[in-house]
Amino acid sequence: QVCAQLCRRPCYCPWVPPRCPRGSPLVLDGCGCCKICARRLGEPCDFLHVCDQSQGLVCDYSTASAGTGATCNFEDDEEGCEVNGRVYRDGEVFQPSCKIQCQCLDGGFNCIPLCQEDVRLPTPDCPYPRRVEIPGKCCPEWICEAQDQHLLRDARAVSPLLPYPCREWGTEWSACSATCGVGFATRVSNQNRYCRLETQRRLCMVRPCLAPPAAFPA
């Protein structure tokens with residue numbers, strides 16, 4: 001009955017077959033008439049727009065009653081994906097380890113990291129950050145080295161002979177902070193005894209400020 005309502009004879013198909021997206025083969029429609037792009041996992045389907053049977057997909061009408069329409073899904077007895085000897089259903093979220101979270105999708109699985117891959121730059125309160133594994137915790141954390149190690153490296157830096165050649169670098173001086181009178185300009189440079197980047201200031205004056213007009217005598 002459905003075939004009689006939707007399928008027309010003879011077939012009227014376009015001369016040029018459609019160009020299908022990657023992973024979607026050309027198949028005959030539900031009427032067995034024209035070639036169409038097979039619907040993939042999660043895409044809407046109906047009698048005419050069939051799912052990709054080569055991937056084990058069927059048109060699932062179980063969600064149609066909820067008003068969302070039928071979608072392509074695996075058959076109930078179809079396996080999702082297998083990881084480390086365990087089979088997960090399609091769409092199932094799992095964690096192979098505490099550092100990653102994965103989701104079974106279309107016979108494969110996609111994973112995202114759960115540990116932040118941030119980079120910590122040296123600061124005055126923590127000049128030597130180091131990332132280490134903490135017992136009892138999954139993700140590594142940033143720590144600062146011991147105080148005696150700080151003193152050892154600081155003593156080496158105070159020495160007039162640095163253990164490595166210092167290549168001087170600096171930005172241009174900024175514009176003066178005052179349009180008239182005395183102001184200051186800033187730049188970032190490593191031209192100091194420690195060869196460390198620091199913000200430097202110097203006084204500047206574009207022009208003297210005009211004196212206010214003298215008040216009339218009372």
Side-chain angles (χ1 to χ4, degrees), residues 19-24 40-44 68 83 91-106 108-218:
R19 298 184 61 181
C20 300
R22 200 171 195 180
S24 179
R40 295 173 294 181
L41 180 66
E43 294 182 344
T68 57
V83 181
E92 185 175 358
V93 178
F94 60 97
Q95 287 186 227
S97 71
C98 61
K99 295 183 179 181
I100 59 174
Q101 177 176 292
C102 304
Q103 182 181 19
C104 182
L105 184 64
D106 197 11
F109 57 93
N110 297 328
C111 299
I112 57 174
L114 298 178
C115 297
Q116 295 184 356
E117 298 295 334
D118 56 341
V119 176
R120 181 168 180 174
L121 298 177
T123 56
D125 58 335
C126 184
Y128 307 110
R130 191 162 56 94
R131 195 166 191 170
V132 297
E133 298 285 343
I134 305 296
K137 293 187 178 182
C138 177
C139 300
E141 296 183 1
W142 288 99
I143 65 169
C144 295
E145 292 183 353
Q147 185 68 22
D148 55 349
Q149 293 178 339
H150 287 176
L151 297 176
L152 179 61
R153 295 195 180 187
D154 289 341
R156 186 187 306 169
V158 171
S159 173
L161 297 178
L162 293 173
Y164 53 88
C166 179
R167 188 173 184 179
E168 293 186 351
W169 179 88
T171 62
E172 297 292 336
W173 288 101
S174 67
C176 194
S177 60
T179 56
C180 70
V182 178
F184 61 88
T186 60
R187 72 171 182 177
V188 177
S189 173
N190 67 344
Q191 299 175 19
N192 51 65
R193 61 184 299 184
Y194 303 113
C195 193
R196 294 179 181 175
L197 290 177
E198 64 178 6
T199 302
Q200 299 174 346
R201 295 185 180 186
R202 69 177 181 182
L203 296 176
C204 59
M205 184 173 66
V206 178
R207 65 178 183 274
C209 293
L210 296 177
F216 292 101

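Please read all numbers here as calculations on a predicted model, not as lab measurements. What's counted below: heavy atoms across the whole structure, side chains too, no hydrogens, waters or symmetry copies.
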Visitor: Take Q103 and N110 through the test side-chain contact (heavy atoms from CB on, under 4.5 Å) and record every step on the way to the result.
Guide: CA-CA 5 Å; Q103 182 181 19; N110 297 328; 5.6 Å; no

Visitor: Roughly how far, to the nearest 0.5 Å, is OG of S189 from CD of E198?
Guide: 7.5 Å

Visitor: Strictly under 2.5 Å separating the two SG atoms? Check that for C111 and C102, please.
Guide: yes

Visitor: Quick one: CD1 on I143 to CZ on R130, what's the gap to the nearest 0.5 Å?
Guide: 4.5 Å

Visitor: Verify, without hydrogens or angle tests, whether S177 (side chain) and F184 (backbone) share a donor-acceptor contact under 3.5 angstrom.
Guide: yes

Visitor: About how many Å separate CZ of R187 and CZ of R201, when rounded to the nearest 0.5 Å?
Guide: 14.0 Å

Visitor: To the nearest 0.5 Å, tell me how far L114 CG sits from I100 CD1.
Guide: 8.0 Å

Visitor: So which atom in A185 and which in C204 form the shortest heavy-atom distance, rounded to 0.1 Å?
Guide: N-SG, 3.8 Å

Visitor: Heavy-atom distance under 4.5 Å between the side chains of S24 and E43, does that happen here?
Guide: no

Visitor: Does the SG-to-SG distance between C115 and C139 fall under 2.5 Å?
Guide: yes

Visitor: So, for R131 and P140, which heavy atoms are closest and what is the spacing to 0.1 Å?
Guide: NE-CG, 3.6 Å

Visitor: Locate the shortest heavy-atom distance separating R40 from R22; write the atom from each residue and the value.
Guide: NH1-O, 3.1 Å

